[in-house]
Amino acid sequence: MALDRRQFMKQAAVSSALAAAGAVFPGISFGDWNKLTNNSGIVSWQKSPCRFCGTGCGILVGVSGGRAVAVKGDPNCSVNKGLCCMKGYHSVQSLYAKDRLTKAKVRKNGQMVEVPIQEALDLVASKLKQTIESHGKDSVAIYGSGQWTIPDGYVASKLFKGCLGTNNVEANARLCMASAVTGFMTTFGIDEPMGCYEDMDHANVFITWGNNMAEMHPVLFSRMIANRKRRSNVRIIDFATRFTRTSQAADMSILFKPQTDLAVANAICYEIIRNDWVNWNFVNEHVSFHKGKTNIGYGTEDHFAFQDKGENISFAEYKQFLEDYTPEKVEKISGVPAKDIKYLAALYGDPSQKVTSFWCMGMNQHTRGTWINNLVYNIHLLVGKISTPGNSPFSLTGQPSACGTVREVGTLTHKLPHGVVMNEHDREMAARIWDVPVTNIDPKPTYHTVEMFRALDRGDIRFIWIQVTNPMVTMPNLRRYRNGAQKDDRFVVVSDVYPTPTTDVADVILPAAMWIEQEGLFGNSERRTQHFAQIVDPPGDAMSDTWQIIEVARRLGFDKQFPWSEENYIEKIWEEYRLFHAGPKHEMAPYKVLRERSGVQWPFVNGKETRWRFNPKHDPACTNGKDFDFYGKKDNRAWIWARPYEPAAESPDDEYNFWLNTGRVIEHWHTGSMTRRIPVLHNAVPSAYVELNPEDAAELGVVNGEMVRIISRRGQIIIPAQINGRGVPPRGMVFVPFFDESYLVNEVTLDAFCPISKQPDYKKCAVRLEKV
Ligand SMILES: Nc1nc2c(c(=O)[nH]1)N[C@H]1C(S)=C(S)[C@@H](COP(=O)(O)OP(=O)(O)OC[C@H]3O[C@@H](n4cnc5c(=O)[nH]c(N)nc54)[C@H](O)[C@@H]3O)O[C@H]1N2
Ligand SMILES: Nc1nc2c(c(=O)[nH]1)N[C@H]1C(S)=C(S)[C@@H](COP(=O)(O)OP(=O)(O)OC[C@H]3O[C@@H](n4cnc5c(=O)[nH]c(N)nc54)[C@H](O)[C@@H]3O)O[C@H]1N2
Ligand code: SF4
Ligand SMILES: [Mo]
């Protein structure tokens, strides 16, 4: 069955006739929505964060006949004040498509057969045990998600790191937020934004650094646009590599060549210093200067380890370093006119302007992702525009709980809740709270995500449990990792809610309770923890991902560590987890408070939320008696880093002469497994396409809808062209969204990553095009 499905997909992808006829593709299935909603009236409206993006809008779910049938925006949620985007409004439909997974399946003689879920969980537990016995503890792994609830991630970490003793815990947020985290850690020594969405109501200059907010954070984007309407002096500048709906709505669109944001950021700092727009009071008191290693490679080889502590430099040395980045020199590298660079510098440098910078995957999916995060902080630090209302370098998250689950719970190989495995004190705290011997917790990190799948390919990992993520669509250089997952002697467990290319490679499929079919908590981009109660029942045998892990843990004998009852396990887990964050820097709200409110921002100290960190007027963790306290670093200063421009891992050349850029569209969520099962969203954008610049299209002789072959050194796809659609790439670049499993663009992308964050760069590789 699995093979048939894949073969069908392959055929579908190469057949232009099929594509043109809009034939039925795998991964698309609808419920009988009209029948479902044709009910006797809504009996209750219950609060929840939206299922989709990291904006974290509050919604109210209307329930009728035991089903979620409607959504309205929650007027009491400060994030969105009642507004939603099209994904939020239609989100509940994603629960009810016809092919929802409701029964567990296990592979028997090559066939997937339905079994009672308890039997499947027995098999998972015994395979886990056997694999550890014959290949050692680091031969088993769990790969989760920024869409995991906080309890999901917490129990995964407790079982694997605390009980089984392996640091093989990773999450897809490595593909998404890792560079943001290393950016925060290297500049501030502590993770997560200092500001909050309220910054938008105070700032009058907004600069998006390669963030298509209009489509990816639409409710925040609306708030920004509404602000521009209300106040006369608001300007929005979209600084990006491709012209998008965000560029269109902005007051100014500046396009730069991929990867050269590094050079432009340095040029802005050069200009700020040259014009003496530096805020010396701030810099002298609160900033120190550093440099790190250069020519750090691209992580394309196996077993990649990289460490860089950095060393102090003087301001004079920093200034000297910037000499290579005059606006005129950088114009040549970046294609951005020197006058535009000077304009940007003048906006940041003008003390009367409050500037908020936004970014997301353009800066994080970058082989110098950590560096570009550092460089944008440099700009804000030089002019002291940080940690005050409206002055905000704002790293947006993508997934609803990338912050809550992956960063705060710490579901990455080197992390523990509120700590890192390398730190003895952090291991001791974890062992105490988890009630395991401290020697269980391995002080050495193992594999980050790309390495984890390389280890599976090599056979160093033999067992992997994948929850709430679809890596057989979303890993870069996909064929390599799919071949690895399908090798003999690999055991793949997948918890999902629908069939996907990842369940296709599974040996066990566990049906999961989805979103409001369970109680849970998310954490959004602005340090806001959001609780949702179970609103409807899960179908069939579907069970929450948290409870699946608890069931397996108990089968392995860890009853003592997983003692909770089905009635109140979320509350118990939350109160245990909260112990990790005790103290003014991270204190989390108690369960009872979270149940009542539409989200609470941490640090939550003495009943008060913290909106701006490092600022003693708002942040109770500041103790140095000064006007700011960057307490994350030992020198109580934020660090400015001298980071050079270095080119992308792969750039266009004579043979592969185009940039391939990839990303998203507003209607679809990632691999489309949910949004392609919502009729209105599917019908709006029914299949993927390649965006071409009109002049490139003319040269290639293709018109809208004609098929184009995109070829890289790793693979190829054939896909219909779109010209003058919603986005326009510059000449020499093509763009493909990844929501459509019939066109697996990740068979073409490159698995190079930032050596510091280990986050892959999906935004850049070299391809050539052929008309089919
Ligand atoms: N509708 C919808 N919304 C979503 C999601 C979704 O799937 N659908 N996913 C969510 C998730 S998890 C994420 S991570 C976010 C992603 O949100 P975004 O990062 O906004 O979206 P992408 O489409 O991944 O990336 C688009 C941007 O990458 C920039 N870019 C490309 N190359 C470079 C470069 O070299 N440097 C810089 N600075 N920028 C570059 C482009 O200019 C473009 O603006 O969206 C979230 N929101
Ligand atoms: N080419 C390219 N690739 C990319 C990116 C890119 O920009 N370009 N971006 C990267 C980024 S930023 C991200 S965040 C990743 C996202 O990559 P993925 O996480 O792999 O993509 P999703 O489609 O969000 O996968 C979520 C899966 O969980 C399932 N699911 C939904 N709810 C539940 C639940 O409650 N329980 C369980 N068990 N399963 C559930 C869904 O059906 C779906 O299969 O993609 C990365 N890959
Ligand atoms: S902006 Fe994001 S969180 Fe808000 S409704 Fe849309 S998808 Fe949901
Ligand atoms: Mo993401």
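The chain is numbered in sequence order, starting from 1.
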Pair D457 + R454, salt bridge at N-O below 4.0 Å | no

Could you tell me whether K72 sits above the aromatic face of W45, with NZ or CZ closer than 6.0 angstrom to the six-membered ring centre and within 45 degrees of the axis?
-> yes

Could you check I464 against R490 for side chain to side chain contact (heavy atoms under 4.5 Å, CB included), going step by step and ending with a plain yes or no?
-> CA-CA 8 Å; I464 189 166; R490 307 292 187 278; over 6 Å; no

Presence of salt bridge, R726 and E691, under 4.0 angstrom = no

Taking it one step at a time, do D751 and R714 satisfy salt bridge (Lys or Arg N to Asp or Glu O under 4.0 Å)?
-> CA-CA 10 Å; D751 53 348; R714 297 152 294 280; 5.9 Å; no

Residues which pass side chain to side chain donor-acceptor pair (under 3.5 Å) with Y498, listed by chain and number, not counting sequence neighbours = none

Measure centre to centre between the rings of F30 and H682, then say whether the value is under 6.0 Å.
-> yes

Ion pair present between D507 and R107, side-chain N to carboxylate O less than 4.0 angstrom?
-> yes

Run the salt-bridge test on E119 and K108 with the 4.0 Å N-O cut-off and return the result as yes or no.
-> yes

Give me the one residue out of V767, V690, V708, I710 that meets side-chain contact (heavy atoms from CB on, under 4.5 Å) with I717.
-> I710

Heavy-atom neighbours of K415 NZ exceed 12 at 6.0 Å = yes

N-O pairing of R479 and E747 below 4.0 Å = yes

Is the Lys NZ or Arg CZ of R462 less than 6.0 Å from the centre of F491's six-membered ring, within 45° of the axis?
-> no

Distance-only, no hydrogens or angles: does the T131 side chain make a donor-acceptor pair with backbone N or O of V140 under 3.5 Å?
-> no

Side chains of S495 and W465: is there a donor and an acceptor less than 3.5 Å apart?
-> yes

Stepwise side chain to side chain contact (heavy atoms under 4.5 Å, CB included) check, Q759 with M361 | CA-CA 10 Å; Q759 176 168 349; M361 284 315 104; 3.7 Å; yes

Do Y743 and Y689 make the cut of ring centroids closer than 6.0 angstrom?
-> no

Under 4.0 Å between a Lys/Arg side-chain N and an Asp/Glu carboxylate O for E451 and R174?
-> no

Can you say whether the rings of F738 and H670 are parallel (under 30°), tilted (30 to 60°) or perpendicular (over 60°)?
-> parallel

Would you please indicate if the ring centroids of F358 and H217 are separated by under 6.0 Å?
-> no

